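Just so it is clear, the model here is predicted, and its values are computed rather than measured. Computed from heavy atoms alone, side chains included, the values below leave out hydrogens, waters and symmetry copies.
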Amino acid sequence: QVQLVESGGGLVQAGGSLRLSCAASGSIFSINNMGWYRQAPGKQRELVADITSDANTNYADSVKGRFTISRDNAKNTVYLQMNSLKPEDTAVYYCHAPRIVPLRTLTPVDAWGQGTLVTVSS
């Protein structure tokens, strides 16, 4: 069974930095795009950034120049480096991989992580 396991959330002051990690567990044949979404209280889940298997990236306008997404294909892991954090970045951050192909079944699955809370204090 394929799972996405996130880590790295926490409490940080405005202007600080955090690094989120998301590792895909299980025997995996391939992963296409991977991304990070976030959901603040009372708001819809929104895309923060995503990255293709060959490292093309896409960012929400609100995080451009402050956040960097990267991935290690050998480790099936995606990262989100968050700098110059603002209180409005406070949210639960979710890792998402819309197409993971498990080695055992070769049937693509759409996977979400359980979420990790990022709180930025002013």
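- A pairwise comparison of heavy atoms in Ala14 and Ser122 identifies CB-CA, 4.3 Å as the closest pair.
- In the model, His96 has no side-chain atom that pairs as donor or acceptor with a side-chain atom of Asp50 under 3.5 Å.
- No side-chain donor-acceptor contact under 3.5 Å links Asn76 to the backbone of Ile31.
- Smallest separation of non-hydrogen atoms from Ile100 and Pro102: O-CD, 3.3 Å.
- With no hydrogens or angles considered, a side-chain donor-acceptor pair links Asn83 and Ser17 at under 3.5 Å.
- The two atoms that bring Val63 and Val48 nearest to each other are CG2-O, 3.6 Å, heavy atoms only.
- Considering every non-hydrogen atom in both Met34 and Leu4, the closest pair reads CE-CD2, 4.4 Å.
- Here the closest non-hydrogen pair linking Met82 and Leu20 is CE-CG, 3.7 Å.
- Between Lys86 and Asp89, none of the side-chain N atoms (NZ, or NE/NH1/NH2) sits under 4.0 Å from a carboxylate O, so this pair counts as no salt bridge.
- Atom CD of Gln114 sits about 9.0 Å away from atom SG of Cys95, to the nearest 0.5 Å.
- Connection of Val5 to Tyr37 is not established within any shared hydrophobic cluster, with ILVMFWY side chains joined at heavy-atom distances below 4.5 Å, either directly or through further cluster members.
- When each of Val118, Leu11, Val120 is paired with Thr90, the side-chain contact (heavy atoms from CB on, under 4.5 Å) condition holds for Val120 and for no other.
- Nearest approach of Ala23 to Thr77, heavy atoms of both residues: CB-OG1, 3.6 Å.
- Here the OG-CD distance, from Ser62 to Glu88, works out to 9.0 Å after rounding to the nearest 0.5 Å.
- With hydrogens and angles left out, the side-chain atoms of Asp54 and Asn56 include a donor and acceptor closer than 3.5 Å.
- When Arg38, Gln39, Glu6 are each tested for a side-chain hydrogen bond (donor to acceptor under 3.5 Å, both in side chains) with Tyr93, only one passes: Arg38.
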Report task. Begin with the C-alpha distance, continue with both residues' side-chain angles, and end with the deciding distance and a verdict on side chain to side chain contact (heavy atoms under 4.5 Å, CB included) for Tyr94 and Thr116. Result -> CA-CA 7 Å; Tyr94 297 90; Thr116 185; over 6 Å; no
Requested in this report: Would you please test Phe67 and Trp36 for ring pair (Phe, Tyr, Trp, His ring centres under 6.0 Å) and show each step?
Outcome: CA-CA 11 Å; Phe67 291 10; Trp36 290 96; over 10 Å; no
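- In this structure, OG on Ser21 lies 14.0 Å from CZ on Arg71, to the nearest 0.5 angstrom.
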Requested in this report: Under the side chain to side chain contact (heavy atoms under 4.5 Å, CB included) rule, what do Thr119 and Val12 come out as? Steps first, then yes or no, please.
Outcome: CA-CA 6 Å; Thr119 304; Val12 64; over 6 Å; no
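- Test Thr68, Leu18, Ile69 against Leu80 for side-chain contact (heavy atoms from CB on, under 4.5 Å) and you get one pass: Ile69.
- Cluster membership check: Leu85 does not share its hydrophobic cluster with Val92, using side-chain heavy-atom separations under 4.5 Å among Ile, Leu, Val, Met, Phe, Trp and Tyr.
- When the side chains of ILVMFWY residues are joined at heavy-atom separations under 4.5 Å, either directly or via intervening members, Trp112 and Leu47 end up in a single hydrophobic cluster.
- Taking the side chain as every heavy atom from C-beta outward, Ile28 and Leu103 never approach each other to under 4.5 Å.
- With rounding to the nearest 0.5 angstrom, the CZ atom of Arg66 is 7.0 Å from the OG atom of Ser84.
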